[in-house]
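Following: one structure in C-alpha cells, then a few remarks.
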Amino acid sequence: SVEFSQYSVEEGLSNTRVISLFEDKKGNIWAGTYGGGVNKISFKNKGKTDEQVYIKSYNETEGLSNGIIWSIEEDAEGNMWFGTEGGGINKFSGEIFINYSTKDGLSKNEVVSIIEDTLGNIWLGTIGGGVNFFDGKIFTKYNHSNGLKNDQVWSMLEDIEGILWLGTYSGIKRLHPDYFYNHRTS
C-alpha cells in the first residue's frame, strides 16, 4: 500500500482547501488556500525517519491583501509572489508584503497565474483583465483591445526560446517577447 503524509489544520495548515502549490529554491513548499492565505511548509531532515515539519501561515493580519491564493511564483531574487482573488498581487520578501492592485495599474485584481521571464520581468494572468507585464515599476496590460482574444489567462509558461505561452478559455496564445519589448503600450 501507499503511505501518504497528511497536512491539515491539525498539523498547522490555515485552511484545508489548497488551490495552489509551489516549491521554492530552498525546498520549502508554499500552499495557497481558498480563504486561509498561504502556508510555508519547511522541513528538517526531509524524507528521513526523524523528519520534522514546520508550518507558518500568512494571511491578512501579516499583510497579505486577500486570503484566496490562486497562484504562487518565486523571482530570481528570492521574493515570493502571490496572486489573489480580488486583492491583486502580493510580493513577499520574507519579512514584508508589498501589495499591487488596480490602484497601481494592474488590469484586474484577480490574478490566477504568475511567471518570471528570463529577463526578470513578472507576467500576471488575470480573470477578465488579460495579461500584465510588470517590470518592477510599471504594469503594461495586454488584452482584447490590443489583440488578445480572451482576457482570462489561467496559465502561462516561457519556453526555451523565450516565447510566452498563455492558456485561456479560448485556447492557447503564443506571444513572442520581442513584440512586447518593442511595442509596449500604457
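Note that the structure is predicted; figures quoted are calculated from it, not measured.
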Evaluate the side-chain proximity of N39 to T33: yes if any heavy-atom separation is below 4.5 Å, no if none is.
-> yes

Test: K56 cationic atom under 6.0 Å from Y58 six-membered ring centre, within 45° of axis = yes

Mind checking the CD1-NZ spacing from I127 to K108? Nearest 0.5 Å is all I need.
-> 10.0 Å

Is there a donor-acceptor pair closer than 3.5 Å between any side-chain N or O of D151 and the backbone N or O of H144?
-> yes

Between W70 and E110: side-chain donor-acceptor atoms closer than 3.5 Å | no

Quick one: pull up CD1 in I89 and CG in L124 and give me the separation to the nearest 0.5 Å.
-> 5.0 Å

When you measure from the side chain of T84 to the backbone N and O of G88, does any donor-acceptor pair fall under 3.5 Å?
-> yes

Look at the side chain of N132 and the backbone N and O of S107, then say whether any donor-acceptor pair between them is shorter than 3.5 Å.
-> yes

Would you say the side-chain atoms of S93 and N79 include a donor-acceptor pair closer than 3.5 Å?
-> no

Given W165, F139, F133, the one that forms ring pair (Phe, Tyr, Trp, His ring centres under 6.0 Å) with W123 = F133

Does a side chain donor of either E158 or T118 reach within less than 3.5 Å of an acceptor in the other side chain?
-> yes

Which word best sums up how the rings of W81 and F134 line up, parallel for under 30°, tilted for 30 to 60°, or perpendicular for over 60°?
-> perpendicular

